[in-house]
Protein chains: 2
Amino acid sequence: MEQLYTVNQLAEELGITPRALRFYEVKGLLAPNRVGNNRVYTKRDRARLKLILRGKRLGFSLAEIREYLDLYNVDGGVEQQRNLLKRVQKRLKDLAQQREDLEATVCELKEIEVQVSTSLADRSPGKDA
Amino acid sequence: MEQLYTVNQLAEELGITPRALRFYEVKGLLAPNRVGNNRVYTKRDRARLKLILRGKRLGFSLAEIREYLDLYNVDGGVEQQRNLLKRVQKRLKDLAQQREDLEATVCELKEIEVQVSTSLADRSPGKDA
DNA sequence: CAGACCGTTGACGAAGACGTAAAGGGAAGC
DNA sequence: GCTTCCCTTTACGTCTTCGTCAACGGTCTG
């Protein structure tokens, strides 16, 4: 019933190597079940992996992503939840900074784009007509 | 008249190490003037450095940041400008993807924040009153 | 039963981004 | 003149994130 994957299957589907998958496991980012000696990944593992990959695209290190994944463990006592809340809020703050950086960079690149575009249009007029 | 900096001054001001500054120079990201044997950084160098740091916060490698900085060289022949335009547009595309990832992550974290907050509020009612 | 595939662990390698120690030059203060 | 301080270069160390063998086990097929 439930969709399962081998290392190779899951790796190929998400466009990474099996080696990377095993590495993430060593680093504590994933913990697939075993059948005998072989890894078996569930949909949950897959979802977790997608979070990992998104974290990477955002430029986070595996250690940071590990912390980030911990934020999804909403269980725990009051003290733990307070702690979790703090970490979530810090992460949100970091992401806000990152968004600022992103917007600023996009703005500047768009300016350059316009500049270069018009410069090109001026040099070879009529090409756009 | 113009504000100048030594390695240590500039490093401290921007919260990095002098080692990093020299390293960026070796990697071709910075090219400060010399007075005798000593590096002297201008405001322009400082601005460039801030771009570098922003790139790092966005998760780019130094090599990518180097390319990015080259995008600011709007001079050059038509062929070069066409090339530049392409690179700018590719970079913008990458950043768009990154923005998507960013928004998705922020959304999820905010959900968690609400979840944990209300959970805490429920457990200790009246604390908020 | 041999070979073809998957899958496993382990060791070594490699690139990127610096940290850190070593050894020395120049100027400034006492 | 000697120390102190800042700066220099060179070189080696380190941590991360895998890639790349190497050597091995299990299973299926012919």
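Each chain gets a letter, A, B and so on, in the order its sequence line appears, and its residues count up from 1.
The side chain of B/R22 lies closest to D/dT8 when the candidates are C/dA17, D/dT8, D/dT17. Residue B/R34 places its side chain closer to D/dT8 than to any other of C/dA17, C/dG19, D/dT8. Side chain of B/V7, nearest nucleotide from C/dT9, C/dA17, D/dT8: D/dT8.
Judged by distance alone, the side chain of B/D45 and the main-chain N or O of B/T42 form a donor-acceptor pair under 3.5 Å.
Straight-line distance from the OH atom of B/Y24 to the P atom of C/dG16: 15 Å, rounded to whole Å. Spacing between atom OH of B/Y41 and atom C1' of D/dT8 amounts to 12 Å, rounded to whole angstrom units. For the pair B/F23 CZ and D/dT14 P, the computed distance is 17 Å after rounding to whole Å. The distance between atom CD of A/E12 and atom C1' of C/dC5, rounded to the nearest whole Å, is 15 Å. The distance from atom NZ of A/K56 to atom C1' of D/dT17 is 7 Å, rounded to the nearest whole Å.
Atom CD of B/E79 has 12 or fewer neighbouring heavy atoms from other residues, nucleotides or ligands inside a 6.0 Å radius. Within a 6.0 Å radius of CZ in B/R34, more than 12 heavy atoms belonging to other residues, nucleotides or ligands are found.
If you check every strand for non-hydrogen atoms under 4.0 Å, B/F60 touches nothing. Counting any heavy atom pair closer than 4.0 Å across all strands shown, A/R39 reaches sugar-phosphate atoms only and no base atom.
DNA chain C contains the following stems of three or more consecutive Watson-Crick or G-U pairs, with both distances under 3.5 Å: C:1-30 with D:1-30.
Between A/D101 and the choices B/R57, B/K56, B/K50, the salt bridge (charged side-chain N to carboxylate O under 4.0 Å, His left out) rule is met once, by B/R57.
Taking the side chain as every heavy atom from C-beta outward, B/R48 and B/L29 never approach each other to under 4.5 Å.
Summary of the strand contacts: A/R19 and A/V40 both lie near DNA chain C, and taking for each the nucleotide with the nearest heavy atom, the more 5' one is attributed to A/V40.
A/V74 and A/V88 fall within the same hydrophobic cluster, defined by Ile, Leu, Val, Met, Phe, Trp and Tyr side-chain heavy atoms under 4.5 Å apart, directly or through other members.
Taking side-chain N and O atoms only, B/K27 has no distance below 4.0 Å to OP1 or OP2 of C/dA15.
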